[in-house]
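Just below is one structure, and these are the notes that go with it.
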Amino acid sequence: MTAQRLARPLLGCIADDFTGATDLASTLVAQGMRTVVLPGEPRPGQSVPVADALVVALKSRSVPAGEAVAASLAALRWLQAAGCAQYFFKYCSTFDSTDQGNIGPVAEALLDALGATFTLACPAFPANGRSVYRGYLFVGDQLLSESGMRDHPLTPMTDPSLVRVLSRQIRGDAGLIGYEAVDRGAAAVCTEMQALQARGVRIAIADALDERHLRVLGEACADLALVTGGSGMAMGLPANFRARGWMPSPDSARLPPVEGFRAVVAGSCSVMTRTQVAAMSRWAPSWFVDPASLDDPDDAVARALAWALPKLSAGPVLLHSTAEPERVLEAQRLLGVDAGARIERVLAAIACGLVEAGVRRLVVAGGETSGAVVGALGIAALRIGPVIAPGVPWTAGEGDRPMWLALKSGNFGDADFFRTALEAAG
Ligand code: ADP
């Protein structure tokens, strides 16, 4: 143990999408690591937040493989400059990819850049029903290829054998660390890893049926420069750092307190968000941002803010474009193919106006909407705090104007999520 080690991040993570990044970050916080998410590729020279784990959130899951590799290598260079001790490449627990990539090519490029020869790949996430047995990925009781993933618009998964899927994406064959070894423990997994490396295998799929298996795999990966997987695969890594005395065990989910107004901005039209918007409209003032009125976006923003700002001191307000499917279709007919992006820009500008007026605890509903809001607010780092509902933590945007943000994928949370979130924020 060295005092110097404590001042530097331990785990440098590269996630192939934003919600995957926050999911991974929440997992690490729950295991005692202070974790910060960096939305998008960090700028060279961008300051390094004080944290045990840093997670760079890329949008590299479905872009061409060359672009995904380039973005991942740039993220790695920044994390290396930050002085991380180990690296983690996070992808989806359904191994979303095509024969061209991007999981295999990115993992190989990261291995090469780190001068490493071997890594494991395991997307298992037992809490969500994703398990790997003999290299075959199950979603609940179904093989991956029989689950809804077979019809995914961008990455249809029609082969349930991850060894075959990965072998098509990389140079050479992918290996397998079978369930028997994982069940026996970390020493048995290490023996298998050495045998595979001796045969020239660079990446092996690892079986995992439950959380204990994931912790065993984490322990076995203590000395690997690079580990890859779903967020479950990261679960066992913090214990390695703790065993080395490198984690000071602070209250990892503590966020710096903020003072200010509270608001919700919703751009998701998913079933759960519609329920949540209806529920909040019954106890708080709410304003509908009508897509039909967006021919003058500046005017739409100004009108929404003129309505909202005088109300902020009395309690939380809700501004949303959330609508039923028929109205969404109507808006798409009216605004054309970029309807979604145009609405996102308006909601993001409204969020900026709210923050300008003193909102410091902001809930945003919708994955794309959240991305637009975080981008417009210019937030370069999000410290991950306490979990509000599975998959949704409060986060603190770091920078000149500290504020709390809860960024929610459309279908996450229960009917009363907005109230729960705002109450949890004090
Ligand atoms: P989710 O997490 O539910 O998928 P997103 O924010 O990712 O939510 O996606 C919702 C998309 O729908 C965004 O592009 C948003 O701008 C768009 N949208 C929001 N409200 C409407 C509406 N009333 N009509 C058409 N599109 C809308």
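Whatever order the structure lists ligands and atoms in, that order sets their numbers, starting from 1.
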May I have the list of side-chain donor-acceptor pairs in residues 375-384 shorter than 3.5 Å, sequence neighbours left out?
residue	atom	partner	partner atom	Å
Arg383	NE	Glu398	OE2	2.6
Arg383	NH1	Val50	O	3.0
Arg383	NH2	Val50	O	2.7
Arg383	NH2	Glu398	OE2	3.2

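- Looking only at atom types and distance, the side chain of Thr273 has a donor-acceptor partner in the side chain of Ser270 under 3.5 Å away.
- In this structure, Arg360 fails the cation-pi test against Trp404, since its NZ or CZ atom is not both closer than 6.0 Å to the six-membered ring centre and inside 45 degrees of the ring normal.
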Pairwise, report which nitrogen or oxygen atoms of ligand 1 are under 3.5 angstrom from protein nitrogen or oxygen atoms, and how far apart they are.
residue	atom	partner	partner atom	Å
ligand 1	2 (O)	Gly367	N	2.9
ligand 1	2 (O)	Gly410	N	2.8
ligand 1	3 (O)	Ser268	OG	2.7
ligand 1	6 (O)	Glu368	N	3.4
ligand 1	6 (O)	Thr369	N	3.0
ligand 1	6 (O)	Thr369	OG1	2.6
ligand 1	7 (O)	Gly367	N	3.2
ligand 1	7 (O)	Glu368	N	2.7
ligand 1	14 (O)	Glu344	OE2	2.5
ligand 1	16 (O)	Gly340	O	2.7
ligand 1	20 (N)	Ser321	O	3.2
ligand 1	20 (N)	Ser321	OG	2.8
ligand 1	23 (N)	Ser321	O	2.8

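- Salt bridge annotation for Glu211-Arg215: present, with a cationic side-chain nitrogen under 4.0 angstrom from a carboxylate oxygen.
- Ring geometry for Tyr179 against His213 counts as perpendicular: the plane angle is over 60°, on a 0 to 90° scale with 30° as the lower cut.
- Side-chain contact check for Asp159 and Ser161: no donor-acceptor pair (N or O, by modelled atom type) lies under 3.5 Å.
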